[in-house]
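Structure record follows, encoded as structure tokens.
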Amino acid sequence: MIRIPLPKVFNKKLLFQYLKRSPNEITFHVLSDSIVLKLFPLADRLILCQLDFIGDEFILTFPDTKPSPEEGKAIKEYCISWFDLETDLDAFYHVLEKDPIVKPVIHNHRGLRMVKAPDLFEAISWSIIGQQINLPFAYTCKKALVEKVGKKLLFEGITYYAFPEPDAVLTISDETFRAMKFSSQKVKYIRIAANEIKSGKLRKSELEELSFIDAKARLIELKGIGNWSANYVLMRCLGFKEAFPLEDVGLHNALKFLLKRDSKPSLLEIKELAKKWSGWEAYVTFYLWQSLLKD
DNA sequence: CTCCAGGTCCATA
DNA sequence: TATGGACATGGA
């Protein structure tokens, strides 16, 4: 059992609202309003982990295989990153006090922490899958991919899946990808990313060492990764708070609503609005996404 | 049927 | 530097 303290500013209800946003999410299972199950593919074995959010901490237990101390440490670190537990949200709220447009959303979602995708290949793949299609369809595509080549564990009648390694994705044929509704462009892009990561040319640890500008430039070198995808990965995987997926249609729709417009604001206009969010663009974007969810 | 989805690349001017 | 079309499919 591993115990992880939760920060003072933390909203469990909003976290679970986000976690439950798609019935087709397959890389973790929401069991109740305070329990999540996730399968971790560690060096040479799979470990199923149950996360119980209780009071001011959450507790990791392992219903199937017990992790070694090193494995436990890796899982703990993953979870701290997954729920972004180390960010000082008060600093964020202080900066956003100055923006009357977005402030109501920030206020309504107090304690919401960004849900991240700590695995680099998963984050990049998801950004590619999500390009230019609606979110439900994107989840359907991801589910097909993970069920096809993801690692899995059967426990008490339920199959748990982990997002596949680059190697596994590279075994998928064109025909199989087509059957999973991936466009040929996306197949090409995902294979490029898989090869970069597999070969060691692209590493999360190296990207984390770079400045925001350099990390973004490195990601955009990959075919299929444009400004939106690069910023998406910078915010959801690498934790850059200034990352800003300007072209994001969810962001546009949320702003359209907040501004009470009948059409979406222009990119130029959004850039102007975002000047008030300096340093916290990623968090504002995440809160605006959340504001689009229905209860 | 048409338009839009958590975009990106490439050709053209 | 800016704009238009292709890409694939699903849902409103």
Side-chain angles (χ1 to χ4, degrees), chain A residues 17-27 102 105 109 112 114-117 119 122-145 148 163 172-196 202 216-238 240 243-258 261-271 273-274 277 281-294:
Chain A
Q17 192 182 327
Y18 184 85
L19 293 177
K20 286 190 293 190
R21 75 184 178 150
S22 172
N24 281 326
E25 175 58 64
I26 191 171
T27 61
V102 169
V105 170
H109 296 83
L112 174 65
M114 191 184 301
V115 178
K116 287 157 67 187
D119 180 77
E122 179 175 350
I124 292 178
S125 301
W126 181 230
S127 80
I128 293 168
I129 291 169
Q131 289 171 10
Q132 182 56 21
I133 59 175
N134 60 59
L135 217 40
F137 183 33
Y139 274 107
T140 303
C141 293
K142 180 174 88 163
K143 183 165 184 274
L145 176 70
K148 191 73 190 174
F163 197 85
I172 302 173
S173 67
D174 290 352
E175 296 70 36
T176 304
F177 265 125
R178 175 127 340 172
M180 297 190 300
K181 318 292 187 187
F182 281 61
S183 70
S184 52
Q185 284 181 335
K186 288 184 181 179
V187 172
K188 189 162 56 176
Y189 300 158
I190 286 176
R191 285 178 177 155
I192 289 170
N195 277 310
E196 284 284 305
L202 186 66
K216 177 158 69 176
R218 175 68 184 94
L219 286 167
I220 288 178
E221 283 175 16
L222 304 177
K223 278 277 174 288
I225 305 298
N227 187 63
W228 177 85
S229 297
N231 278 283
Y232 184 90
V233 172
L234 290 163
M235 84 180 250
R236 295 253 358 255
C237 179
L238 301 167
F240 283 96
F244 187 39
L246 175 66
E247 299 83 356
D248 187 86
V249 73
L251 173 75
H252 302 171
N253 284 328
L255 288 173
K256 173 186 164 188
F257 177 79
L258 282 179
R261 300 281 183 76
D262 43 13
S263 62
K264 290 181 284 194
S266 69
L267 298 186
L268 200 61
E269 202 174 350
I270 297 171
K271 277 187 189 172
L273 293 169
W277 314 339
E281 292 88 341
Y283 250 92
V284 172
T285 301
F286 191 75
Y287 273 50
L288 289 174
W289 285 345
Q290 183 88 1
S291 76
L292 294 169
L293 294 180
K294 299 175 209 102

(request) Ignoring hydrogens and angles, tell me if any N or O in the side chain of A:Thr176 forms a donor-acceptor pair with the backbone of A:Ile172 under 3.5 Å. (result) no
(message) Counting only side-chain nitrogens and oxygens, does A:Lys186 get under 4.0 Å of the OP1 or OP2 atom of C:dA6?
(response) no
(request) Describe the nucleic acid contact of A:Lys188 in one word from base, sugar-phosphate, nothing, applying a heavy-atom distance below 4.0 Å. (result) nothing
(message) Using OP1 and OP2 only, check whether a side-chain N or O of A:Lys181 sits under 4.0 Å from C:dG10.
(response) yes
(message) Using the side-chain heavy atoms of A:Lys223, tell me which of these nucleotides is nearest: B:dA5, C:dC7, B:dC10.
(response) B:dC10
(message) What's the gap between B:dC3 and C:dG4 when it is taken at their P atoms, as a whole Å value?
(response) 15 Å
(message) For the backbone of A:Gly224 and the side chain of A:Gln131, can you confirm whether one donor and one acceptor N or O come within less than 3.5 Å of each other?
(response) yes
(message) Run through DNA chain C and report every stem of 3 or more consecutive Watson-Crick or G-U pairs, distances under 3.5 Å, ordered by first number.
(response) B:2-5 with C:9-12, B:7-13 with C:1-7
(request) Could you tell me the separation between the CG atom of A:Leu268 and the C1' atom of C:dT1, rounded to a whole number of Å? (result) 14 Å
(message) Looking at B:dA5, I'd like to know if its phosphate oxygens (OP1 or OP2) sit under 4.0 Å from a side-chain N or O belonging to A:Asn253.
(response) yes
(request) Send over the distance from A:Phe182 CZ to C:dG10 P, rounded to a whole Å. (result) 13 Å
(request) Could you tell me whether A:Ile225 contacts a base, only the sugar-phosphate backbone, or nothing, with contacts defined as non-hydrogen atoms closer than 4.0 Å? (result) sugar-phosphate
(message) Return the CZ to CD1 distance between A:Phe137 and A:Ile129, rounded to the nearest 0.5 Å.
(response) 10.5 Å
(message) Taking A:Glu196 first and then A:Lys223, would you say they form a salt bridge - that is, a charged N and a carboxylate O separated by under 4.0 Å?
(response) no
(message) Would you say the rings of A:Trp126 and A:Tyr139 are close, in the sense that their centroids are separated by under 6.0 Å?
(response) yes
(message) Using a heavy-atom cut-off of 4.0 Å across all strands, would you classify A:Leu222 as base, sugar-phosphate, or nothing?
(response) sugar-phosphate
(message) Just to be sure I understand the geometry, which residues of residues 130-137 of chain A put a non-hydrogen atom under 4.0 Å away from DNA chain B?
(response) A:Gly130, A:Gln131, A:Gln132, A:Ile133, A:Asn134, A:Leu135
(request) Grab the CG-C1' distance between A:Leu292 and B:dC4 for me, whole Å please. (result) 15 Å
(request) Write down the distance between CG (A:Asp248) and P (B:dA5), rounded to a whole number of angstrom. (result) 11 Å
(request) Send over the distance from A:Asn24 CG to C:dG11 C1', rounded to a whole Å. (result) 14 Å
(message) Does A:Thr140 reach a base, just sugar-phosphate, or nothing at all? Heavy atoms under 4.0 Å.
(response) nothing
(message) Using whole Å, what does the distance between atom P of nucleotide B:dC9 and atom CD of A:Glu221 come to?
(response) 12 Å
(request) Verify side-chain contact (heavy atoms from CB on, under 4.5 Å) between A:Leu255 and A:Leu251, making sure each step is shown before the conclusion. (result) CA-CA 6 Å; A:Leu255 288 173; A:Leu251 173 75; 4.2 Å; yes
(message) Students often get this wrong, so: under 4.0 angstrom with heavy atoms, is A:Tyr189 touching a base, only sugar-phosphate, or nothing?
(response) sugar-phosphate
(message) Between A:Tyr287 and A:Leu112 (side chain of the first, backbone of the second, donor and acceptor by atom type, cut-off under 3.5 Å), is there such a pair?
(response) yes
(message) Looking at A:Phe163, is its backbone amide N or carbonyl O close enough to the side chain of A:Lys142 to form a donor-acceptor pair, meaning the two atoms are under 3.5 Å apart?
(response) no
(request) Would you mind reading off the distance between A:Trp228 atom CH2 and B:dC9 atom P, rounded to a whole angstrom? (result) 13 Å
(request) Select one nucleotide: of C:dC7, B:dT8, C:dG10, the one nearest the side-chain heavy atoms of A:Gln185. (result) C:dC7
(message) Any side-chain to backbone donor/acceptor pair from A:Tyr283 onto A:Met114? Under 3.5 Å, distance only.
(response) yes
(request) Starting at atom CD of A:Glu247, determine the distance to atom C1' of B:dC9, rounded to an integer number of angstrom. (result) 14 Å
(request) For nucleotides B:dT2 and C:dG5, find the distance between their P atoms and express it as a whole number of Å. (result) 15 Å
(request) Give a yes or no on whether the backbone of A:His252 and the side-chain of A:Lys264 come within a donor-acceptor separation of less than 3.5 Å. (result) no
